[in-house]
Amino acid sequence: MKLFDENIFSVDAFYAAFSELLKTSKKDWINAISVFKKEFENNVQDEKIIHFNKTDLKIDNSENFYLSGFDMPCWVSNEDSKKKIMILASEPLRDEISFDKSKLDKFTNISLNTPFSYHTSGRIKNPKFKDRRQYWSLIDWMVTDLKSTVYMTDIRKFWFADWQHHKEFGDTKLHLDIFKKELELVKPDFIILFGSTPMNILQSANLLESEIHLTKYKLKEEGFKLKWDNHKESEWPVIIPLIHPSGAAGGPRKHFFTVNDIYKEGLDQNEMYKLIIEKYIKN
């Protein structure tokens with residue numbers, strides 16, 4: 001299994017997709033990717049924190065942002081990948097500890113990670129990272145059993161403490177514009193939504209062909225479609241909306257599984273997710 005395989009997507013195209021948010025050099029991106037790949041391949045967690053300078057952000061007032069993080073989208077694949085799956089989520093803020101370890105200044109730096117820390121802790125057998133292993137068990141299954149390239153990204157591209165009070169960042173147009181560039185890069189066959197945040201943003205932007213209620217109604221047998229600008233309807237990716245795998249979503253997740261007639265006491269959480277995903281993604 002490979003992380004950031006350039007035979008799937010070129011680094012040049014990947015870098016260009018984020019030019020509206022970050023104006024840091026391509027060299028910085030390639031350096032970050034090389035560190036993530038090294039950690040992934042060696043199955044170790046490096047104490048070194050990768051970071052960009054906050055002045056690289058194309059956002060007003062960014063010099064005032066505190067405790068900032070960017071989950072650099074990533075993709076994982078095998079050589080026999082037959083389809084493309086995009087996972088669209090919304091992940092938490094950085095914590096103080098990640099900066100304290102590196103001794104980075106919390107005002108001038110952006111700490112970098114991959115979504116769900118796929119390059120490190122998600123692959124290490126440490127009880128502390130139980131939630132993250134849930135993600136990786138599921139994602140590895142998509143790559144190996146469903147023969148897919150899986151591209152992971154956040155609907156909100158950049159996080160910082162108290163971001164809700166900055167209108168220029170809270171405006172979803174910034175994030176949606178970049179997301180649309182990612183769509184053109186990846187051209188996914190399927191988009192899995194983790195949690196209500198990306199789903200609500202897409203619905204507010206009128207990008208879903210029909211309304212979705214995660215815990216109120218059973219998912220449509222034919223799935224949902226993302227309305228893709230300048231593409232004919234037959235090319236629109238199928239949306240698979242799921243309650244977030246995080247432990248914090250335990251109550252809603254059980255209700256979600258029950259509504260969709262797959263909840264069974266003692267059945268592993270990911271096995272229930274697989275039953276739903278397999279309805280839409282066939283080998």
Side-chain angles (χ1 to χ4, degrees), residues 2-42 44-77 86-87 89-123 149 151-161 163 166 168-169 174-175 177-186:
K2 294 184 178 180
L3 182 70
F4 288 110
D5 185 350
E6 286 197 70
N7 292 321
I8 305 293
F9 308 117
S10 76
V11 171
D12 283 354
F14 177 57
Y15 171 75
F18 295 91
S19 60
E20 290 304 308
L21 175 65
L22 290 159
K23 60 178 183 289
T24 191
S25 71
K26 190 186 302 181
K27 180 181 177 182
D28 289 341
W29 281 70
I30 292 173
N31 176 60
I33 287 171
S34 66
V35 171
F36 293 149
K37 288 177 70 171
K38 180 180 178 182
E39 293 182 336
F40 179 87
E41 291 164 359
N42 295 335
V44 298
Q45 184 169 12
D46 197 328
E47 289 296 316
K48 179 183 177 184
I49 304 295
I50 304 300
H51 67 279
F52 289 160
N53 192 290
K54 202 162 298 178
T55 58
D56 294 330
L57 275 173
K58 292 185 177 180
I59 302 176
D60 292 340
N61 299 323
S62 63
E63 69 276 7
N64 298 318
F65 296 172
Y66 168 74
L67 203 63
S68 311
F70 174 63
D71 277 348
M72 181 182 282
C74 67
W75 60 93
V76 61
S77 60
M86 175 185 279
I87 293 180
S90 182
E91 290 312 298
L93 299 171
R94 291 293 180 271
D95 58 25
E96 298 274 355
I97 296 173
S98 66
F99 278 89
D100 291 341
K101 281 183 178 179
S102 64
K103 296 182 170 53
L104 292 175
D105 184 87
K106 299 168 190 172
F107 282 97
T108 60
N109 290 285
I110 310 165
S111 72
L112 263 64
N113 212 326
T114 54
F116 319 118
S117 298
Y118 187 60
H119 61 294
T120 55
S121 55
R123 310 187 65 78
T149 292
Y151 178 93
M152 293 156 271
T153 188
D154 283 4
I155 189 62
R156 294 197 183 278
K157 303 303 177 184
F158 174 76
W159 289 94
F160 57 93
W163 65 268
H166 292 261
E168 63 271 36
F169 181 81
L174 167 72
H175 312 289
D177 286 348
I178 299 171
F179 168 66
K180 289 176 181 179
K181 290 184 178 183
E182 290 180 286
L183 280 176
E184 295 295 339
L185 168 69
V186 179

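Counting begins at 1 with the first residue of the sequence.
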side-chain contact (heavy atoms from CB on, under 4.5 Å) between S90 and W159, worked out: CA-CA 10 Å; S90 182; W159 289 94; 3.3 Å; yes
If you measure from [atom1] on [X] to [atom2] on [Y], what distance do you get to the nearest 0.5 Å?
X    : Y   : atom1 : atom2 : value
D5   : C74 : CG    : SG    : 12.5 Å
L22  : Y15 : CG    : OH    : 9.0 Å
S25  : I30 : OG    : CD1   : 8.5 Å
I8   : L3  : CD1   : CG    : 12.0 Å
L185 : F18 : CG    : CZ    : 8.0 Å
H51  : F70 : NE2   : CZ    : 15.0 Å

Audit row: V76, F40, side-chain contact (heavy atoms from CB on, under 4.5 Å) steps and yes/no: CA-CA 10 Å; V76 61; F40 179 87; 4.2 Å; yes
query: Excluding sequence neighbours, so at least two apart, what forms side-chain hydrogen bond (donor to acceptor under 3.5 Å, both in side chains) with E184?
result: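 Listed in chain order: W228, H231.
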- prompt: Which residues pass the side-chain hydrogen bond (donor to acceptor under 3.5 Å, both in side chains) test with K26, sequence neighbours left out?
  reply: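 In terms of side-chain hydrogen bond (donor to acceptor under 3.5 Å, both in side chains), with neighbours along the sequence ignored, K26 is linked to D12.
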Of all heavy-atom pairs between [X] and [Y], which one has the smallest distance, and what is that distance?
X    : Y    : answer
M72  : I33  : SD-CG1, 4.0 Å
N53  : I110 : O-CD1, 3.9 Å
K106 : K54  : O-NZ, 3.4 Å
L174 : E20  : CD1-O, 4.5 Å
P115 : M152 : CG-O, 3.8 Å
A17  : I178 : O-CG2, 3.7 Å

query: Got a salt bridge between K157 and E182, using NZ or NE/NH1/NH2 to carboxylate O under 4.0 Å?
result: yes
Side-chain ([X]) to main-chain ([Y]) donor-acceptor, under 3.5 angstrom:
X   : Y   : answer
N31 : K27 : no
T24 : F52 : no
K23 : T55 : yes

- prompt: Do W29 and V11 pass the side-chain contact (heavy atoms from CB on, under 4.5 Å) test, and can you show the C-alpha distance, the side-chain angles, and the key distance before you say yes or no?
  reply: CA-CA 9 Å; W29 281 70; V11 171; 5.6 Å; no
task: Show the numbers, then the answer: is there a side-chain contact (heavy atoms from CB on, under 4.5 Å) between V35 and H119?
output: CA-CA 9 Å; V35 171; H119 61 294; 6.0 Å; no
field: Aromatic ring pairing F4/F36, orientation class (parallel under 30°, perpendicular over 60°, tilted between)
entry: parallel
- prompt: Can you say whether the rings of F160 and F158 are parallel (under 30°), tilted (30 to 60°) or perpendicular (over 60°)?
  reply: tilted
